[in-house]
Amino acid sequence: MFDLEKVQSLNELEMLVYHYILENMDTIPKLTIRQLSVNCHVSTSTILRFCSKMGFDGFSELKYALKKEEQDKHQSFEQYYAATVHVDSFLKRLNQQTYYETLKPAITMIISARHIVFSGIGTSGILGTYGSRYFANMGINTYSISDPFTPIPQRGFENTLALILSVSGETSELIKQVTDFRRSGAKILSITNDEHSTIARLADYNISYYMPDERSIYTDPSINITTQIPVIALIELLAHQASKEFSKTAEQQKDIPD
């Protein structure tokens, strides 16, 4: 529903409104703008700026759009898997030229590095292993760190790119690891769900995917089950684009006369 390029223009207070709306889409149409401002701990002016940046004329128009979105969801598969609509929007953006401009700095970092090291914890750690194998399948020198307590040497990573995967961007073990990587000379590329997180701010470049935060309602509510489909898509797209650039460089070198 929300344009991801417009989401990237939000400041921290407006991002609070964005996340609250994503997590309470069914109740927003019942709230007044003042009630929403209290719930988000922001001013009504911040909410109106958010509406404007998202392309709505005001809060009433936003509420109407959310109500219509909710009605449509109950008539389709989305009622069983709420993240589908956000994933669908993300994947559509992924194939657009404007989004390629967002990825271009990350692709440059990948092709400039001699080694790529993936790191993450939990589900992100599993995706790091997957990313390492996928990159290797594309001919890119890559490995993964599955143990977040693995000591990082104080030097020797000058030609290394650490690709850090974290949903929250606030995992203490990964924050320390990012700090250690930076101290050792590595460049940091992070993929997080929050561009204002600590890891995102520590990274040389960050890509955020802006999915609604989800917690398990069947077991432990502290378990984060935010969809990772965007992360898989980003890993594969980055690998393909980097491999494509490597091939171009190889072809250009062949054309240079001895």
Between Y134 and H240, a side-chain donor and acceptor under 3.5 Å: yes

Donor-acceptor side-chain pairing of T192 and D194 below 3.5 angstrom: no

Check whether the ring centres of F56 and Y64 lie less than 6.0 Å apart, and answer yes or no. no

For a side chain to side chain contact (heavy atoms under 4.5 Å, CB included) with V7, tell me which candidate from K53, E14, E195, M15 qualifies. M15

Tested for side chain to side chain contact (heavy atoms under 4.5 Å, CB included) against I116, the lone hit among N141, L189, L161 is L161

Does either side chain, that of E23 or that of Y18, offer a donor lying less than 3.5 Å from an acceptor on the other one? no

Could you check T227, I229, I235 and say which one makes a side chain to side chain contact (heavy atoms under 4.5 Å, CB included) with V231? I235

Between N159 (side chain only) and A113 (backbone N and O only), is there a donor and an acceptor less than 3.5 Å apart? no

Residue pair E170 / T198, side-chain donor-acceptor N/O under 3.5 Å: yes

Between the side chains of N193 and Y210, is a donor N or O closer than 3.5 angstrom to an acceptor N or O? no

May I ask whether V167 and I164 are part of the same hydrophobic cluster, defined by side-chain heavy atoms of I, L, V, M, F, W, Y residues being less than 4.5 angstrom apart, directly or through others? no

For Q177 and S119, does a side-chain donor sit closer than 3.5 Å to a side-chain acceptor? yes

Would you please test K176 and E173 for salt bridge (charged side-chain N to carboxylate O under 4.0 Å, His left out) and show each step? CA-CA 5 Å; K176 181 182 184 304; E173 293 86 354; over 6 Å; no

Does the side chain of R49 come under 3.5 Å of the side chain of T46 through a donor N or O and an acceptor N or O? yes

Have S37 and N39 got a donor and an acceptor in their side chains that come within less than 3.5 Å? no

Would one find more than 12 heavy atoms of other residues, nucleotides or ligands at under 6.0 Å from atom NZ of K63? yes

